[in-house]
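Please read these numbers as outputs of a predicted model, since none were measured by experiment.
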Amino acid sequence: MAKECAQFFSQAEQELLLEGYAEFESLIKTTGNTSKSAKARREGWQKVADKLNAATTGPTRTWGQVKVKYKNILQNATKKKAEKKKTGGGPAPPQYTPAEELALELNENRTIVEGIPGGSSSSDPKPGTSSSNTFITVLHNTPTFLPVPKQVVAEAYADSEETLSDDCPLEEEPVSA
């Protein structure tokens with residue numbers, strides 16, 4: 001018995017899907033790896049599917065179909081966004097559909113990096129600021145590596161068992177040409 005192919009989502013259905021996602025986003029983004037969190041996420045997607053099915057006369061959509069369609073919309077929008085950043089003289093990148101624009105807006109302030117596995121922090125630095133122990137800054141969702149001051153590098157060597165020699169390049173001033 002062959003599996004029946006699902007019908008395409010209309011533009012109106014896609015917009016309703018994204019509006020439903022925005023409405024139930026807190027349920028859908030429930031964190032955790034427990035059955036309770038998985039159930040909450042499933043219920044969020046089911047509410048989006050129910051809202052979509054109530055507003056349209058087309059085929060009835062399951063929560064799984066709605067979830068996959070949302071992820072596909074977001075994935076296509078992200079690909080187009082990356083394509084727009086490329087340079088080179090080729091043809092213009094494809095334009096966003098209204099649903100893709102809405103998906104990008106909903107995910108605009110999404111956290112890019114949540115932490116470094118195995119790393120630790122004694123404080124949470126604020127975006128755009130730097131402390132003596134921070135060598136990365138985030139401004140407008142763009143991480144930037146900062147130069148490590150010579151003093152910090154020298155202190156790191158001084159704290160170790162090794163000693164600095166007289167010809168250590170860390171203490172020399174750069175020679176200008």
What distance do [X] atom [atom1] and [Y] atom [atom2] have between them, rounded to the nearest 0.5 Å?
X	Y	atom1	atom2	answer
Thr97	Asn76	OG1	CG	8.0 Å
Asp50	Trp63	CG	CH2	12.5 Å
Thr30	Glu43	OG1	CD	9.0 Å
Thr78	Lys71	OG1	NZ	12.0 Å
Thr62	Lys67	OG1	NZ	11.0 Å
Asn72	Gln65	CG	CD	11.5 Å

Is there side-chain contact between [X] and [Y], with at least one heavy-atom pair below 4.5 Å?
X	Y	result
Lys69	Phe8	no
Tyr96	Lys81	yes
Lys47	Lys51	no

| said: Determine whether Phe9 and Leu17 satisfy the following criterion, side chain to side chain contact (heavy atoms under 4.5 Å, CB included), listing intermediate values before the conclusion. | reply: CA-CA 10 Å; Phe9 279 71; Leu17 184 156; 3.9 Å; yes
Exercise for review: Apply ring-ring contact (aromatic ring centres under 6.0 Å, His included) to the pair Trp45 and Phe24, showing each step before the final yes or no.
Suggested key: CA-CA 8 Å; Trp45 283 114; Phe24 300 109; over 10 Å; no
Practice task
Kindly indicate, with the supporting measurements, whether the criterion side chain to side chain contact (heavy atoms under 4.5 Å, CB included) is fulfilled by Leu27 and Arg41.
Solution key: CA-CA 5 Å; Leu27 279 174; Arg41 288 188 294 269; over 6 Å; no
Review point. Do Glu19 and Glu23 pass the side chain to side chain contact (heavy atoms under 4.5 Å, CB included) test, and can you show the C-alpha distance, the side-chain angles, and the key distance before you say yes or no?
Key: CA-CA 6 Å; Glu19 289 171 11; Glu23 186 176 338; over 6 Å; no
**Asked** Which pair of non-hydrogen atoms, one from Leu18 and one from Ala99, has the smallest distance, and what is that distance?
**Response**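 Heavy atoms only, the tightest pair is CD1-O, 2.8 Å.
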- Query: Taking all atoms of both residues into account, what is the closest heavy-atom pair of Leu74 and Ala103, and its distance?
  - Reply: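 Here Leu74 and Ala103 meet closest at CD1-O, 3.9 Å.
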Q | Salt bridge Arg61-Glu13, side-chain N to carboxylate O under 4.0 Å | A |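 A salt bridge is present here (some side-chain N lies under 4.0 Å from a carboxylate O).
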Residue among Lys80, Lys79, Gln14, Gln75 satisfying side chain to side chain donor-acceptor pair (under 3.5 Å) with Glu100: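 It is Lys80, the one option of Lys80, Lys79, Gln14, Gln75 that forms the side chain to side chain donor-acceptor pair (under 3.5 Å) with Glu100.
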Check: Is there a side chain to side chain contact (heavy atoms under 4.5 Å, CB included) between Ile73 and Leu102 once you walk through the steps?
Finding: CA-CA 10 Å; Ile73 291 170; Leu102 189 54; over 6 Å; no
- Message: I'd like to know if the side chain of Glu15 and the backbone of Ala12 have a donor-acceptor N/O pair within less than 3.5 Å.
- Response: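 Between the backbone of Ala12 and the side chain of Glu15 there is no qualifying donor-acceptor contact (under 3.5 Å).
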| Above 12 or not: heavy atoms from other molecules or residues under 6.0 Å from CD of Glu101? |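 Counting other residues, nucleotides and ligands, CD of Glu101 exceeds 12 neighbours.
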